[in-house]
Amino acid sequence: MSSRLPQHFQANALSAELDALREAGVSWSDLTVSNPTRCGFDYPAEAIRAALSGPEVLQYSADPAGSLCARTAIAGWHGHGVQPEDLVLTASTSEAYSWLFKLLGDPGDELLVPSPSYPLFEWLARLEGLQATAVPAYFADRWHLDLGMLEARCGPRTRAVVVVNPNNPTGHFLSRDEWAELTAFCARRALTLIVDEVFADYALEPAPDYLPTAFEDRNPPCPVFVLSGLSKVAALPQIKLGWIAARGAKASALLEPLTFIADQFLSASASAQAATPALLEMAPSLQVGIRVRLNTNLAVLDAMLAAYPHLSRLPVEGGWSVLLRRPALDSDEACALRLLRECKVFVQPGHYFDLPSDSFLVLSLLTPQTVFMEGLAKILPRI
Ligand SMILES: Cc1ncc(COP(=O)(O)O)c(C=O)c1O
């Protein structure tokens, strides 16, 4: 077996406890649910089925970058001068990362990745023979990119920087100043910048100077690739359609080799591509329902936290998660395990996302409202 893979696949303590509950037929409230199709949203089922059953789904016309029709719709969705020829379609954002990592690095090369963040980069990088080096952000009233740390962690084999805008689960949107400094840094060190914007449509409490999208910069000084997909944009992860957008002349120059990689896989299905224009038309109304849920749960949390002065939450600039801050009287994992065993409520410990210290639990704001409220009522007195 390849040394790029984990050396064991043992469940951690929380997963083992969930398995034990499942086996015993005991149910629990899941305050971590991030799959929108399991959150009680009202999807236009007939329209989605119709979008997936047009005449194009009976034809195979392989275009390595993805169908022009889907790319035209995605370019229109983003605006900001994005053109269909700037786009390469994938089956998911995760796949988009793996193609970009193939494009940019040789085995042994390094990538700078955000921390705390979604715990995906290390393995996606390792599977491509690359090493992901974490660049810790810090929190002081809001999250900040640590440019000194970026410099310090950048070595001779660093090829690219990954940022998530807004980040998951911290919700950190880059500020416009951070964007300018980050792109200048990448240009100076000849690095490519990968910007994951899957949650960009979900700004909740953004700072006034936030960067809503990297597409605002029409001509960045370094190559920029922006990632997104239907899993968050249209809350349809099961469709399996993501995309990579090249921004600026330096990234466009890499589109031919990127398309060569895409040509080896031809991943995006005919049905997903054919449905994309119609699904993007539905996206704004699906997003309204999601934003209502996120804001309502945040208001519920604030109201309930008022009775627990030792607990607080960090601002949610954007995204689907909130960080609950608590006194670190035990480890965050021990706390999550205790809440699962004693209250039958599942929350994630912050260290799953590399949050510093044991002071954070991560909750999903996508959780159905009654489950969220009842779950909080059980756990808040015991955190
Ligand atoms: C920041 C971030 N990027 C990418 C993904 C994966 O998206 P996809 O379903 O398109 O692979 C996730 C999933 O939650 C995510 O949180």
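Keep in mind that what you see is a predicted model, and the values were worked out from it rather than measured. In listed order, ligands and their atoms are each counted from 1. One is the number of the first residue; the rest follow in order along the sequence.
Listed by chain and number, residues touching ligand 1 at under 4.0 Å (heavy atoms only) are Ser92, Thr93, Ser94, Tyr118, Val164, Asn168, Asp196, Val198, Phe199, Ser231, Lys232.
The line from CG of Leu241 to CG of Leu236 is 10.5 Å long, rounded to the nearest 0.5 Å. Between the CD atom in Glu95 and the CD1 atom in Ile261 there is a gap of 11.0 Å [rounded to 0.5 Å].
Remark: Pro6 pairs with Phe9, Trp123 by the side chain to side chain contact (heavy atoms under 4.5 Å, CB included) rule, at least two apart or across chains. Residues that satisfy the side chain to side chain contact (heavy atoms under 4.5 Å, CB included) test with Ala190, not counting sequence neighbours, are absent from this structure. Residues satisfying the side chain to side chain contact (heavy atoms under 4.5 Å, CB included) criterion with Ala134, sequence neighbours excluded, are Ser115.
Atom CZ of Phe260 has 12 or fewer neighbouring heavy atoms from other residues, nucleotides or ligands inside a 6.0 Å radius.
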